[in-house]
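Read the structure below first, then the notes.
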2 protein chains.
Amino acid sequence: MSRWTVPYHHGSLPEALMDGVARAVTEHGVTGVSLRDVARQAGVSHSAPAHHFGSKAGMLTAFAARGYDLLAESVIAEVAAAWANDGAAELAAIGRGYVAFAIGHPAEFEVMFSPDAIEIDDPRLHAASEAAYAVLTSAIGRCAREGRLHGRSPEVVAVAAWSMVHGLSALWLSGRLAERITEQDPHRLAAAVSSLFVESILPA
Amino acid sequence: MSRWTVPYHHGSLPEALMDGVARAVTEHGVTGVSLRDVARQAGVSHSAPAHHFGSKAGMLTAFAARGYDLLAESVIAEVAAAWANDGAAELAAIGRGYVAFAIGHPAEFEVMFSPDAIEIDDPRLHAASEAAYAVLTSAIGRCAREGRLHGRSPEVVAVAAWSMVHGLSALWLSGRLAERITEQDPHRLAAAVSSLFVESILPA
DNA sequence: CGCAGTTCTTGACAGTGTCAAGATTGAGCG
DNA sequence: CGCTCAATCTTGACACTGTCAAGAACTGCG
């Protein structure tokens, strides 16, 4: 079980490296991630990661892609738990799920939105983020069919909704938000902000 | 005028270094900024910056603090230009000014919200960001006095407003937004989103 | 058993941030 | 003017980084 028993063919190096990235980002931020440090933690040589991910940017890109999958999971779970019987409730659940992902996976969130640290044109990344956006447009479409848009542009409403939950996530993780407000539970804050949005902007 | 005429006592090294940081961030992102590269561009030795800013993080912190000043400028300019005769119009102007700053100074915006690249506890930074937040709470207070909150928590409304404009800025700069929508002018988009917010959430 | 092919190591390279020590300069003061 | 001194910048060294080329060790398949 010690690392000397598995000098070659680690068996699950990619997974171990992903865990190492999560730890490194949590401790030192994206800017402080070191390929060699991550490799050391996994018990392999300094250039073993290159074989699986090509480069440091490739490793972080894989980490971000995994993050998009987790984001979709979190959003879908929250929507399912809400038993949303209208578009507004569904959109609010999406918002809560988005923020819940950011709070639960801060390292992934940070890397996903650090464009210059990853390979932004990676097809897997693009597809995963496309899927996440589709969930949003689907909910907005449902609201439109329910007559909740009141003549407003679906595009503007979608951008507003996405911006709000993304901004809340980013500001919360930056720490600049918590120090200025009384509410210290990000999930309750996300629920309140999401409710405010759908109740005011998307009434029946 | 050439750098050989001023080998010592550059005269305005800090300013020249700030310009170099802006260029480096624009070209390579926060993660790709190199102290030595910035120093080279300014025509000084690789460790000259340390004398003024202490470290790389210190240099980026100074850059971020300058960014907060520019943010306040941008917001105040937009509010002044709007001749806002009520709190809702003032808040919408603040939103437009926030996004306009992010679009006009993407390098500053990126560094300001890269907590692990800067010295987050720097007092100058804290004061500057405090001032920017005060503008927001003041506008929300004005809305409250005008009876536009309709029983909603001022704190939640403030967080929602800040989150929305911050998220819009971050998403736009990340490039993930423009590729999915038809509106390609970020200023018009900011105006539309800000209007949607105040008209739906803060009616008279 | 032999032998690809995958997985990982080793060693080298240029480039990085930081630190200590020293060189150069301009301003203030006799 | 001449001296001193602090501020400014340079030089050189250190450990560390990401990438690359070459080779070693293991696995599975014939």
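From a predicted model like this one, the values you see are computed outputs, not experimental measurements. First the proteins, then the strands, lettered A, B, ... as listed; each starts at 1.
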Query raised in the report: Any side-chain N or O of B:R40 less than 4.0 Å from the OP1 or OP2 oxygen of C:dT16?
Result: yes
Report task. Please work out which residues in residues 49-64 of chain A have a non-hydrogen atom less than 4.0 Å from an atom of DNA chain D and list them by number. Result -> A:S55, A:K56
Pair listing, side-chain hydrogen bond (donor to acceptor under 3.5 Å, both in side chains) test, anchored in [range], at least two apart:
range: residues 80-97 of chain A; result: A:E78-A:R96, A:E90-A:R142
range: residues 161-183 of chain A; result: A:Y98-A:W162, A:Y98-A:H166, A:R176-B:Y68, A:R180-B:S129, A:R180-B:E130, A:T182-B:E155, A:E183-A:R188
range: residues 35-52 of chain B; result: B:R23-B:D37

Requested in this report: Look at the side chain of A:S34 and decide which nucleotide, out of C:dT9, D:dT10, D:dT17, has an atom nearest to it.
Outcome: D:dT17
Query raised in the report: Closest to the A:L35 side chain: C:dC8, D:dT11, D:dG18?
Result: D:dG18
Query raised in the report: With a non-hydrogen cut-off below 4.0 angstrom, is A:V38 in contact with a base, only sugar-phosphate, or nothing?
Result: nothing
Query raised in the report: Do the non-hydrogen side-chain atoms of A:S55 and A:E119 ever get within less than 4.5 Å of each other?
Result: yes
**Report entry** Residue list, side chain to side chain donor-acceptor pair (under 3.5 Å) with B:D122, at least two apart or on another chain
**Finding:** none
Requested in this report: Give the rounded distance in Å between these two atoms: CD of A:E119 and C1' of D:dT19.
Outcome: 14 Å
Query raised in the report: Rounded to whole angstrom units, what separation is found between the CG atom of A:L13 and the P atom of D:dC26?
Result: 15 Å
Can you give me every donor-acceptor pair (side chain of residues 100-112 of chain B, partner residue at least two apart or in another chain, under 3.5 Å) with its distance?
from   : atom 1 : to    : atom 2 : distance (Å)
B:E108 : OE2    : B:R66 : NH2    : 3.1
B:E110 : OE2    : B:V30 : N      : 3.3

Which protein N or O atoms sit under 3.5 Å from an N or O of nucleotides 11-14 of chain C?
from   : atom 1 : to    : atom 2 : distance (Å)
C:dG11 : O6     : A:H46 : NE2    : 2.7

Query - Listed partners of B:A160 passing side-chain contact (heavy atoms from CB on, under 4.5 Å), at least two apart - result: A:M164, A:V193, A:L196, B:F197
Run the side-chain donor-acceptor check on residues 69-76 of chain B: report pairs under 3.5 Å with partners two or more places apart or on a different chain.
from  : atom 1 : to    : atom 2 : distance (Å)
B:S74 : OG     : B:G97 : O      : 2.8

